[in-house]
Peer 1: 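Have a look at the structure that comes next, please.
Ligands are counted one by one from 1 in listed order, and the atoms in each one are counted from 1 as well.
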Amino acid sequence: MSKAHFGLIGLGVMGENLVLNAERNGFSSVVFNRTYSKTQDFLQGRGAGKSIEGAKELQDFVGKLERPRRILMMVKAGPATDAVIEQISPFLEEGDLLIDGGNSEFRDTERRVKDLESKSFGYIGMGVSGGSKGALEGPSMMPGGTKSSYEAIENLVCKMAAQVNDGPCVAYIGPGGSGHFVKTVHNGIEYAIEQILSEAYDLMKRVGGMNGKEIADVMAFWNNTEELSSYLVEITEICLRAKDSQDGIEIVEKIMDKAGQKGTGLWTVVSALELGASVPTIYASLNARVMSSMKNQRITAESIISRSTIKPFHLGNQKDGMAPLMDAVVLATIASYAQGMELMRIASKEFNYNLNMPSIAQIWKGGCIIRSELLQRIQDAYSLNKELPNLLIDPWFVEQIERRISGLEKIVAGAVQSGIPVPCLSSTLDYINSYRTSRLPQNLVQAMRDCFGSHTYERIDKVGTFHTNWLEIGEKK
Ligand code: NBP
């Protein structure tokens, strides 16, 4: 019997769809799942009548694959991934390749690449984005590891990936854990855009008094513009239109206002802090989730600390897509991408990833959760200038800032006066204002640090490191 082209471990939401995708693209497959009943259910259900067979034991699974073996693991990140690697390793032979498609922490991937390659196996850490539908129809994939390992799966992943005008949404990212690093940043940007759209919804609801249908109409308008046309705006409209079949009430209004933040969003912010990258809009979205989960405390605090009353202010007209609010959402979305790209640029230097920024923008244009028309502009900006320090200074983005900043200012000011939290919108304004200010007040921070701790400081009028005996020369009234 001929051996199968491709093996998949982990028949969860993603694994099931990815193996159907591979099979549809001409790769006969073998599947393995820890709980065998799931394998049986799959083979009798969605996998029936296809070039997919199952295996109950890992040894049998490995034996059914052509060499060098290409095995995709789609299991929970962390100890589960290590457990699978440990269990399958005794059955692998030189040149066989393991691909981790889960949301692994990039340092775990660095370790696994080294470990597996020292045993003459190949190892690819591959971020996969697109949810269950993307996994089936064509996801965006971010594979990192040794180039020769990538070449062994290039044909497979290029066929499985989403396709856009200039090619498949997959490309070699770089060595080690770079693929998972890029996926982590992708998810950080995803957190931010979700929060930005939620803040816009909150303002339209609480200040504008708009209902779900009216807000959904605005999302539809935004989705027809170059600046905001995106998968996340599209699904926001869909979510807002969904009604409970029992009572006709919008389902969104019945959902508990708590969101978790473990994993990739957290890792994005931790990496940014470690690398000295400024990502305030992304951080604000993470913190918004932390605050959201403190539901009981918020309920208590609302009855203790009196809140500002809502003072109506102009969010815009529905027929022109709530122009000032749209300005604010566009700039916060741009800031989220800019911060993510900046974080990757810094990480690329620090970890020698040699990331190709236009290529990353290209593979995010289709299949993934943050796909948007804006990514074409981002790709163009980095194609024009591979060393661009920040997207905000590319001419097209400068024009956006100049055209829209007064809208962002008005929206943030109005929200502040009404006591409505807009963490992503307000931190975007601070981000842009800080970035376009050549002299910030950190001169005083440096003076204080030198005053209490002799930390020294640099001067703008002479070269060197200086210390002042502040208590002697400074005057106190
Ligand atoms: P699911 O939660 O649907 O499935 C998890 C799979 O992991 C199951 O097949 C489960 O086997 C297996 N597994 C676990 Br849990 N512990 C295991 C262990 N110790 N040994 C062997 N197998 C184990 O996950 P999913 O949503 O398909 O996600 C899979 C990976 O892809 C995760 O890393 C996730 O973060 C990532 N991801 C998910 C999405 C998404 O939209 N869902 C998108 C992108 C990436 P069992 O059946 O025996 O429990």
Side-chain angles (χ1 to χ4, degrees), residues 7-22 29-43 45-47 52 54-59 61-62 71-91 98-109 112 124-144 157 160-162 169-170 177 179-191 194 231-232 235 259-268 363-364 366-371:
L8 176 114
I9 299 177
L11 281 170
V13 181
M14 294 296 283
E16 239 190 64
N17 287 296
L18 283 167
V19 77
L20 290 170
N21 177 338
S29 308
V30 187
V31 294
F32 172 88
N33 195 67
R34 177 181 60 173
T35 311
Y36 184 57
S37 58
K38 261 199 202 168
T39 308
Q40 290 172 306
D41 291 348
F42 174 70
L43 292 173
R46 296 177 77 199
I52 303 178
K56 191 174 180 188
E57 304 298 335
L58 273 174
Q59 187 166 11
F61 167 81
V62 169
I71 299 168
L72 175 63
M73 300 179 290
M74 283 312 289
V75 300
K76 205 171 160 153
T81 306
D82 282 321
V84 172
I85 295 170
E86 200 185 314
Q87 287 154 19
I88 199 169
S89 290
F91 309 119
L98 283 179
I99 310 152
D100 171 17
N103 277 336
S104 291
E105 214 271 346
F106 77 102
R107 286 193 180 87
D108 282 344
T109 305
R112 291 170 187 147
I124 290 281
M126 182 168 78
V128 179
S129 177
S132 54
K133 195 162 181 277
L136 180 66
E137 293 173 3
S140 171
M141 292 182 276
M142 295 144 251
V157 290
M160 287 175 72
C169 293
V170 62
H180 277 136
F181 186 83
V182 169
K183 172 68 195 315
T184 296
V185 176
H186 165 287
N187 285 21
I189 297 170
E190 180 184 312
Y191 268 49
E194 287 164 1
Y231 174 69
L232 282 169
I235 63 162
Q261 49 73 36
K262 289 199 189 96
T264 45
L266 175 67
W267 299 338
T268 304
I363 65 176
W364 285 353
C368 72
I369 305 298
I370 61 167
R371 62 185 183 260

Peer 1: Quick one, L136 with R46, criterion side-chain contact (heavy atoms from CB on, under 4.5 Å). Give me CA distance, side-chain angles, the key distance, then yes/no.
Peer 2: CA-CA 12 Å; L136 180 66; R46 296 177 77 199; 3.9 Å; yes
Peer 1: May I ask you to check whether N33 has an N/O atom sitting below 3.5 Å from an N/O atom of ligand 1?
Peer 2: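 Right, the criterion is met.
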Peer 1: Between T268 and T184 (side chain of the first, backbone of the second, donor and acceptor by atom type, cut-off under 3.5 Å), is there such a pair?
Peer 2: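 A pair under 3.5 Å: yes.
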Peer 1: Between L18, V75, V84, which one has a non-hydrogen atom sitting closest to atom 30 (C) of ligand 1?
Peer 2: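 When every heavy atom of L18, V75, V84 is considered, V75 comes closest to atom 30 (C) of ligand 1.
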Peer 1: For atom 6 (C) of ligand 1, what is the closest protein heavy atom, and at what distance to 0.1 Å?
Peer 2: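 For atom 6 (C) of ligand 1, the nearest protein heavy atom comes out as M74 O, 3.9 Å.
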Peer 1: Quick one: CD1 on I124 to CG on L72, what's the gap to the nearest 0.5 Å?
Peer 2: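 Between I124 CD1 and L72 CG, I get 11.0 Å after rounding to 0.5 Å.
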Peer 1: Contact between ligand 1 and E16 is defined here as a heavy atom of the residue under 4.0 Å from a ligand atom; is it met?
Peer 2: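 No; E16 lies far enough from ligand 1 that no heavy-atom distance drops under 4.0 Å.
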Peer 1: Any donor and acceptor pair, going by atom type alone, linking the side chain of E57 with main-chain N or O of Q59 inside 3.5 Å?
Peer 2: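 No: the side chain of E57 does not pair with the backbone of Q59.
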Peer 1: Distance under 4.0 Å to a non-hydrogen atom of G10: what atoms of ligand 1 satisfy this?
Peer 2: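 The list of qualifying atoms is 9 (O).
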Peer 1: So, does H180 use its side chain to make a donor-acceptor pair with the main chain of G102 at under 3.5 Å?
Peer 2: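 Side chain of H180 to backbone of G102: a pair is present.
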Peer 1: Just to be sure I'm reading this right: ignoring hydrogens, which of T81, N103, V128 gets closest to atom 35 (O) of ligand 1? Compare them by their nearest heavy atoms.
Peer 2: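 The nearest heavy atom belongs to N103.
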Peer 1: Where the side chain of N33 meets the backbone of L11, is there a donor-acceptor pair that is under 3.5 Å apart?
Peer 2: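 Judged by distance alone, yes, a pair lies under 3.5 Å.
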Peer 1: Relative to ligand 1, is L11 under 4.0 angstrom through side chain, backbone, both or neither, heavy atoms considered?
Peer 2: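 Answer for L11: backbone.
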Peer 1: Quick one: does A77 get within less than 4.0 Å of ligand 1, heavy atoms only?
Peer 2: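 True for this residue.
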Peer 1: Any protein heavy atom sitting closer than 4.0 Å to atom 24 (O) of ligand 1?
Peer 2: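 No, because not a single protein heavy atom sits under 4.0 Å from atom 24 (O) of ligand 1.
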Peer 1: May I ask you to check if ligand 1 and V13 share an N or O to N or O distance below 3.5 Å?
Peer 2: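 In this structure, V13 places an N or O atom under 3.5 Å from an N or O of ligand 1.
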Peer 1: Within the distance-only criterion (no hydrogens, no angle test), does the side chain of T81 pair as donor or acceptor with the backbone N or O of K76 below 3.5 angstrom?
Peer 2: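 A pair under 3.5 Å: yes.
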Peer 1: Any idea which protein heavy atom is nearest atom 48 (O) of ligand 1, and the distance to it?
Peer 2: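 The answer is T35 OG1, 2.5 Å.
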Peer 1: Is any side-chain heavy atom of H186 less than 4.5 Å from a side-chain heavy atom of V182?
Peer 2: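 A side-chain contact is absent here, since even the closest heavy-atom pair is not under 4.5 Å.
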Peer 1: Looking only at distances, can you tell me whether any N or O atom of M14, backbone or side chain, sits closer than 3.5 Å to an N or O atom of ligand 1?
Peer 2: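 For ligand 1, there is an N or O atom that lies under 3.5 Å from one belonging to M14.
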Peer 1: Under a 3.5 Å distance rule, please check whether S140 uses its side chain to pair with a backbone N or O of G367 as donor and acceptor.
Peer 2: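 Flag not set: sc S140 to bb G367 has no pair under 3.5 Å.
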Peer 1: Between K76, R34, K38, K133, which one has a non-hydrogen atom sitting closest to atom 16 (N) of ligand 1?
Peer 2: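 The nearest heavy atom belongs to R34.
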Peer 1: Would you mind finding which of G12, G131, G102, S129 brings a heavy atom closest to atom 1 (P) of ligand 1?
Peer 2: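 Answer by nearest heavy atom: G12.
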Peer 1: Would you check if the side chain of S129 reaches a backbone N or O of I369 as a donor-acceptor pair within less than 3.5 Å?
Peer 2: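 Flag set: sc S129 to bb I369 pair under 3.5 Å.
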Peer 1: Could you list the atoms of ligand 1 found under 4.0 angstrom from a heavy atom of A80?
Peer 2: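 Heavy-atom distances to A80 below 4.0 Å select 16 (N), 17 (C), 18 (C), 19 (N).
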